[in-house]
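Taking it in order: structure first as structure tokens, then the write-up.
Lettering follows sequence order; numbering is per chain, from 1.
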Amino acid sequence: DAMVIQNPRYQVTQFGKPVTLSCSQTLNHNVMYWYQQKSSQAPKLLFHYYDKDFNNEADTPDNFQSRRPNTSFCFLDIRSPGLGDAAMYLCATSRPRGSSNQPQHFGDGTRLSIL
Amino acid sequence: SQQGEEDPQALSIQEGENATMNCSYKTSINNLQWYRQNSGRGLVHLILIRSNEREKHSGRLRVTLDTSKKSSSLLITASRAADTASYFCATRKILGGGADGLTFGKGTHLIIQP
């Protein structure tokens with residue numbers, strides 16, 4: 001089945017130690033998104049890629065970066081994780097605007113803990 | 001900033017009863033979507049209602065939309081234990097570069113008691 005896969009499901013890192021989360025998709029969607037979801041809160045959009053074009057949300061900290069080497073893969077890099085970055089990180093994909101209001105397809109997320 | 005606000009924040013009902021969740025939003029919309037999130041999992045798209053629609057059904061789900069009041073409701077009929085999850089409404093967020101993101105409400109945590 002076509003899907004969005006996130007690895008790992010659980011990630012533990014130390015305060016200040018860089019960490020990379022990965023996402024892959026078999027849907028061949030143009031757009032890939034990263035959301036941050038803190039405990040008992042709604043997901044919050046960090047940034048997205050439309051093909052190779054990267055678009056950062058205005059309030060996303062500089063500590064968060066992303067890479068998309070090809071259509072199928074997208075990475076979230078946290079350069080110096082702080083305690084406040086502990087959260088579930090969700091990857092999602094969709095077709096671009098104008099594609100009949102297509103919904104977003106989410107992976108199961110990576111839960112990041114900071115020691 | 002949050003576009004949608006769901007109420008109630010938490011809802012606990014007996015299996016077999018109907019569950020109703022409400023969502024209010026602030027700006028004009030193109031469509032409104034509802035997603036379900038099981039504990040520790042990603043979001044699953046349930047249903048999308050366009051701004052020119054007033055009601056939509058999908059299985060045991062019924063969604064209504066009142067654009068004059070900027071509100072939507074999600075009704076789950078004949079609830080089951082497997083319906084236990086958090087439910088989020090989401091509106092389209094126009095992004096640069098031809099893509100649309102989602103702005104989520106705070107969610108309703110639904111618990112179905114067996």
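Comparing Ala90(B), Gly101(B), Gly107(B) by heavy-atom pairs within less than 4.5 Å of chain A, the highest count is held by Gly101(B). Counting heavy-atom pairs closer than 4.5 Å to chain B, the top-ranked of the candidates Arg111(A), Gln41(A), Gln37(A), His105(A) is Gln37(A).
Of the atoms belonging to Gln9(B), not a single heavy atom falls under 4.5 Å from chain A. For Glu57(A), the part lying under 4.5 angstrom from a heavy atom of chain B is the side chain only. Contacts of Asn55(A) with chain B are made by side-chain atoms alone, with heavy-atom separations under 4.5 Å and no backbone atom involved. Neither the backbone nor the side chain of Tyr49(A) has a heavy atom closer than 4.5 Å to any heavy atom of chain B.
Grouping the Ile, Leu, Val, Met, Phe, Trp and Tyr side chains by contacts below 4.5 angstrom, directly or via other members, places Ile47(B) with Leu110(B). Under a hydrophobic clustering in which Ile, Leu, Val, Met, Phe, Trp and Tyr are joined whenever their side-chain heavy atoms come within less than 4.5 Å, directly or via other members, Leu83(A) and Leu76(A) fall into the same cluster. Cluster annotation: Trp34(A) is not connected to Val4(A) through the hydrophobic network of ILVMFWY side chains, with a link wherever side-chain heavy atoms come within less than 4.5 Å. No continuous path of hydrophobic side-chain contacts links Tyr87(B) to Leu75(B) [ILVMFWY only; heavy atoms under 4.5 Å]. Both Leu112(A) and Phe15(A) are members of a single hydrophobic cluster when ILVMFWY side chains are connected at heavy-atom separations under 4.5 Å.
In terms of heavy atoms, Gly105(B) sits closest to Ala42(A) at O-CB, 2.9 Å.
Looking only at side-chain heavy atoms (C-beta outward), Leu45(A) and Phe104(B) stay at 4.5 Å or farther from each other. Side-chain atoms of Pro43(A) and Phe88(B), non-hydrogen and from C-beta on, do get closer than 4.5 Å to each other.
A donor-acceptor contact shorter than 3.5 Å is absent between the side chain of Tyr33(A) and the backbone of Leu102(B). With hydrogens and angles ignored, the 3.5 Å screen pairs no side-chain donor or acceptor of Arg9(A) with any backbone N or O of Arg41(B). For Gln6(A) (side chain) and Gly42(B) (main-chain N/O), no donor-acceptor pair under 3.5 Å exists by modelled atom type.
Atom CG of Asn70(A) sits in a crowded spot, with more than 12 heavy atoms from other residues, nucleotides or ligands closer than 6.0 Å. Heavy atoms from other residues, nucleotides or ligands lying under 6.0 Å from CD of Gln14(B) number more than 12.
Taking OG of Ser40(A) as the reference point, atom NZ of Lys106(B) lies at 12.0 Å (rounded to 0.5 Å).
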